[in-house]
Amino acid sequence: MAPSYPRSPAGSIYKHDAELDASVGKDGIDYTRVDLLRNTSVAKLYEDALRYEPGTSISSAGALVTSSGKKTGRSPRDKRIVDEETTTDDIWWGPVNTKLSEHAFLINHERAVDYLNTRERLYVFDGFAGWDPKYRLKIRVVCARAYHSLFMHNMLIRPTEEELKNFGEPDFTILNAGAFPANRYTTGMTSNTSVSINFKRRQMVILGTEYAGEMKKGVFTIMHYLMPKAGVLSLHSSANQGLDGDTSLFFGLSGTGKTTLSADPARALIGDDEHVWTDTGVFNIEGGCYAKCIDLSAEKEPEIFGAIRFGSVLENVVFDEDTRIVDYTDKSLTENTRCAYPIEYIPNALLPCIGAHPKNIIMLTCDALGVLPPVSKLTSSQAMYHFISGYTSKMAGTEDGVFEPEATFSACFGQPFLVLHPTQYATMLAQKMHEHKADAWLINTGWNGGAYGKGKRIALKYSRAIIDAIHSGELKSAEYETYPIFGLEIPKAVKGVPAEVLNPATAWQGTQCEFQTTVTKLANLFNQNFGKYQDQATEDVVAAGPKL
Ligand SMILES: Nc1ncnc2c1ncn2[C@@H]1O[C@H](COP(=O)(O)OP(=O)(O)O)[C@@H](O)[C@H]1O
Ligand SMILES: C=C(OP(=O)(O)O)C(=O)O
Ligand SMILES: [Ca+2]
Ligand SMILES: [Mn+2]
């Protein structure tokens with residue numbers, strides 16, 4: 001499955017100094033053992049997963065059905081960044097990034113190495129993060145499960161035979177010993193799950209969770225540090241491109257629609273989750289997509305449904321014992337059911353996954369209170385205000401302990417993955433949007449007509465119609481009205497969307513008194529949250545918030 005387009009052998013973005021390379025090379029893994037499988041075939045990984053990993057099957061469509069065990073979503077409270085002198089002054093220590101000592105990291109590392117070296121089989125996948133050869137990282141994934149190796153085969157950029165032969169030392173190594181727990185008595189551990197990143201040693205160690213998403217979001221976290229340091233902007237967004245080459249970005253926290261809305265039959269897919277905006281355009285970090293499968297149907301999401309076939313990894317779904325037909329409505333294992341597939345499984349994927357400078361910046365929010373408009377056109381100050389605020393919901397199952405939509409402010413629409421302070425990403429975004437005259441939109445893919453429990457989630461077909469209207473130019477020249485308090489501009493009409501849906505006041509099914517109370521509640525939450533950024537933001541950005 002090697003890609004056929006030419007790519008120059010990349011200069012790595014890490015400067016390789018001999019001493020550090022020696023220590024990385026000596027990462028403790030026994031690479032000489034005969035039972036080590038490096039970049040092995042999809043078929044072989046299927047066979048091993050079926051043979052050795054309980055709870056593995058093949059679906060009627062040919063996908064590998066796997067179980068990630070107890071953890072079926074990310075564990076943000078168990079994430080650590082090593083506090084060391086080469087990065088400590090850069091890192092945004094606090095709400096997301098918790099310090100781990102170098103010593104405690106070595107204990108976790110040794111635990112993972114001992115576990116991996118004592119397995120009967122070991123899998124290594126060497127691949128790339130980043131489609132632009134100038135910025136790409138060489139990533140090595142060492143793991144004990146064929147499932148995890150196939151997952152990263154799908155999610156990283158698969159090297160050609162030639163590239164694999166000349167791979168050399170990786171820039172970053174992920175040791176996934178997820179089936180083995182962390183030791184709770186190691187200083188800094190608060191549970192037996194641990195996901196830790198060490199930028200100096202260029203290593204990530206996973207213990208006590210087999211949720212595969214930790215690896216792909218781990219790579220994103222690494223890029224979210226290294227890319228801004230290299231002067232380019234990493235983005236928690238999907239991206240696609242129209243026939244005339246116009247690129248759109250869709251920012252959004254997990255479950256808000258990045259993957260779903262970027263798979264658009266009329267546009268070429270650049271990527272569904274992680275990108276970088278450089279001086280020449282946008283490139284995807286990944287070689288695959290990771291779609292949510294809950295309530296998936298061929299009718300509503302044909303591209304994603306069709307991507308679930310031989311080679312795809314389908315996690316934590318329930319299927320019929322006889323027919324092996326998956327029941328996508330079944331939430332009994334988790335609401336966060338998932339499928340990982342190579343990007344070329346989407347019919348109109350753009351290969352290589354590199355697009356032009358974005359023309360439209362779409363911020364996806366999933367408002368569980370039902371008071372944000374389905375679409376608003378943002379001024380540049382409003383775009384910055386909403387990007388820094390990142391108001392949305394955590395969706396059920398995406399994180400450990402989240403069972404229903406939970407209103408949250410997730411800076412840059414991806415707070416769990418930020419390494420630097422949010423204003424650093426926001427400043428770069430503002431500068432790039434200004435330079436390339438990008439238009440900005442806020443789209444609520446969440447509740448309408450009432451809050452979660454009373455109203456309904458906005459129909460996917462309406463969100464798609466809104467996005468079509470952005471891309472056709474219809475919305476740029478539409479007639480607008482101002483939504484009070486939030487000061488958002490909402491279109492009076494959008495083709496394919498009932499007019500009353502567009503204004504939360506007319507969509508509201510409960511009393512107007514209840515509506516006003518909810519609007520005020522949300523406005524207060526915004527103001528309270530923005531307090532922490534007040535002194536770093538410019539006056540116009542502060543003024544772009546709600547006014548009570
Ligand atoms: N109006 C809507 N817009 C986008 N997604 C919706 C909408 N209504 C329901 N959904 C569902 O919500 C989920 C969005 O998840 P996904 O696209 O994977 O988000 P992300 O990629 O941002 O994590 C999908 O399961 C999709 O079917
Ligand atoms: C993989 C994840 O990301 P997303 O839902 O944004 O695709 C995740 O949040 O665990
Ligand atoms: Ca879906
Ligand atoms: Mn996604």
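In each ligand, atom 1 is the first atom listed, and ligand 1 is the first ligand listed. Model, not experiment: these values are computed from the prediction.
Remark: ligand 2 and S254 share an N or O pair separated by less than 3.5 Å (distance only, no angle test). For T259, no nitrogen or oxygen atom sits less than 3.5 Å from a nitrogen or oxygen atom of ligand 2, counting backbone and side chain alike. The N/O atoms of T398, backbone and side chain alike, include none that comes under 3.5 Å of an N/O atom in ligand 2.
In summary, the atoms of ligand 1 found under 4.0 Å from a heavy atom of S463, numbered by their order in the structure, are 1 (N), 2 (C), 3 (N). The K258 neighbourhood of ligand 2 comprises atoms 6 (O), with distances under 4.0 Å to a heavy atom of that residue. Applying the 4.0 Å criterion to heavy atoms of L253 picks out, from ligand 1, the atoms 22 (O).
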| message | Show, in sequence, the C-alpha distance, side-chain angles and deciding distance for T72 and N336, and conclude whether the side chain to side chain donor-acceptor pair (under 3.5 Å) test is met. | response | CA-CA 7 Å; T72 53; N336 192 33; over 6 Å; no

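Counting only protein N, O or S atoms, 1 lie closer than 2.8 Å to the Mn ion (ligand 4).
The shell of residues lying under 4.0 angstrom from ligand 2, judged by heavy atoms, includes R338. Put simply, no part of S238 is less than 4.0 Å from ligand 1, judged by heavy atoms. Residue contacts with ligand 2 include H236, since one of its heavy atoms falls under 4.0 Å from the ligand. K292 counts as a contact of ligand 2, since one of its heavy atoms falls under 4.0 Å from the ligand.
Scanning for side-chain hydrogen bond (donor to acceptor under 3.5 Å, both in side chains) contacts around S312 gives an empty result, with sequence neighbours left out. Legend: residues meeting ring pair (Phe, Tyr, Trp, His ring centres under 6.0 Å) with Y425, ordered by chain and number and at least two apart, are H224. In this structure, Y480 has no ring pair (Phe, Tyr, Trp, His ring centres under 6.0 Å) partners at least two apart in sequence or on a different chain.
Under 3.5 Å, the side chains of E315 and Y147 contain a donor-acceptor pair of N or O atoms.
The aromatic rings of F283 and Y135 sit parallel, their planes meeting at an angle under 30°, below the 60° perpendicular limit. Using cut-offs of 30° and 60° for the angle between ring planes, the Y46 and F310 rings count as tilted.
Residue contacts with ligand 2, taken as heavy atom pairs separated by less than 4.0 Å, do not involve E399 at all.
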